[in-house]
Student: 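Sharing a structure here in structure tokens format.
These figures come from a predicted structure and were not determined experimentally.
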Amino acid sequence: MFAIRVIKESVEQVKGTPGLAATLSDGADIIGEVGLDSLQMLRFMLELEERLSIQIDFDALEYSYLNSIQRLAEFLETIPQQRPRTSLP
């Protein structure tokens, strides 16, 4: 599942811990196990939006989706991709 890899790589980037992605299981708890603080969580969500070309509906995002990378990936894969942004001349 592409989203799982993106989630793990994004966690690694936000935490600034090289090699972290390789150690995370698909069932890893993003808040409890990984320990993202509120600022890191914001950066993480923005990173996911950018890398997956989606717009996360935070009203639909349930706290329980953050209890596992697999669960979050399943939620993210229900979000339609956005069209790439074009720059104005």
Student: Quick one: CZ on F44 to CD1 on I31, what's the gap to the nearest 0.5 Å?
Tutor: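 Rounded to the nearest 0.5 Å, the CZ-CD1 separation comes to 9.5 Å.
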Student: Treating Ile, Leu, Val, Met, Phe, Trp and Tyr as nodes and any side-chain heavy-atom pair under 4.5 angstrom as an edge, say whether F2 and I7 lie in one connected cluster.
Tutor: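 Same hydrophobic cluster.
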Student: Please report the interatomic distance CD1(I79) to CD1(I56), rounded to the nearest 0.5 Å.
Tutor: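 The distance works out to 5.5 Å.
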Student: Side chains of Y65 and L76: does their closest heavy-atom pair fall under 4.5 Å?
Tutor: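 Answer no - side chains too far apart.
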Student: Could you go through L61 and L72, starting from their C-alpha distance and side-chain angles, then the distance that decides it, and tell me whether this counts as side chain to side chain contact (heavy atoms under 4.5 Å, CB included)?
Tutor: CA-CA 9 Å; L61 178 66; L72 179 59; 4.1 Å; yes
Student: Under 6.0 Å from the CZ atom of F58, do we count more than 12 heavy atoms belonging to anything else shown?
Tutor: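 Atom CZ in F58 is packed in, count exceeds 12.
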Student: Checking the side chain of K8 only, and the main-chain atoms of L24 only, is there a donor and an acceptor separated by less than 3.5 Å?
Tutor: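 Checked: pair present.
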Student: Donor-acceptor pair, distance only, cut-off 3.5 Å: does the side chain of Q81 make one with the backbone of L52?
Tutor: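 Yes; at least one donor-acceptor contact below 3.5 Å.
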Student: Quiz question: by atom type and distance under 3.5 Å, do the side chains of Q13 and E9 form a donor-acceptor pair?
Tutor: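 There is no such pair between these side chains.
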Student: Measure the spacing between CD1 of I30 and CG of L66 and express it to the nearest 0.5 Å.
Tutor: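 One gets 5.5 Å once the value is rounded to the nearest 0.5 Å.
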Student: In Å, rounded to the nearest 0.5 Å, how long is the span from CD of E33 to OG of S25?
Tutor: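 Going from the CD atom of E33 to the OG atom of S25 covers 5.5 Å.
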Student: Distance-only, no hydrogens or angles: does the Q40 side chain make a donor-acceptor pair with backbone N or O of D37 under 3.5 Å?
Tutor: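 Such a contact is found between Q40 side chain and D37 backbone.
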Student: Does some side-chain heavy atom of E49 sit less than 4.5 Å from a side-chain heavy atom of L46?
Tutor: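 They are in side-chain contact.
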Student: Are M45 and L39 linked, directly or through intermediate hydrophobic residues, by side-chain heavy-atom contacts shorter than 4.5 Å (ILVMFWY only)?
Tutor: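 No, it is not one cluster - the side chains of L39 and M45 are not joined through contacts under 4.5 Å.
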Student: In Å, rounded to the nearest 0.5 Å, how long is the span from OG of S64 to CZ of F75?
Tutor: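 Between atom OG of S64 and atom CZ of F75 there are 10.0 Å.
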Student: When rounded to the nearest 0.5 angstrom, what is the spacing between CG in D29 and OG in S68?
Tutor: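 One gets 8.0 Å once the value is rounded to the nearest 0.5 Å.
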Student: Keeping E12 on the side-chain end and A21 on the backbone end, is there a donor-acceptor pair under 3.5 Å?
Tutor: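 Pair found, side chain donor or acceptor close to backbone of A21.
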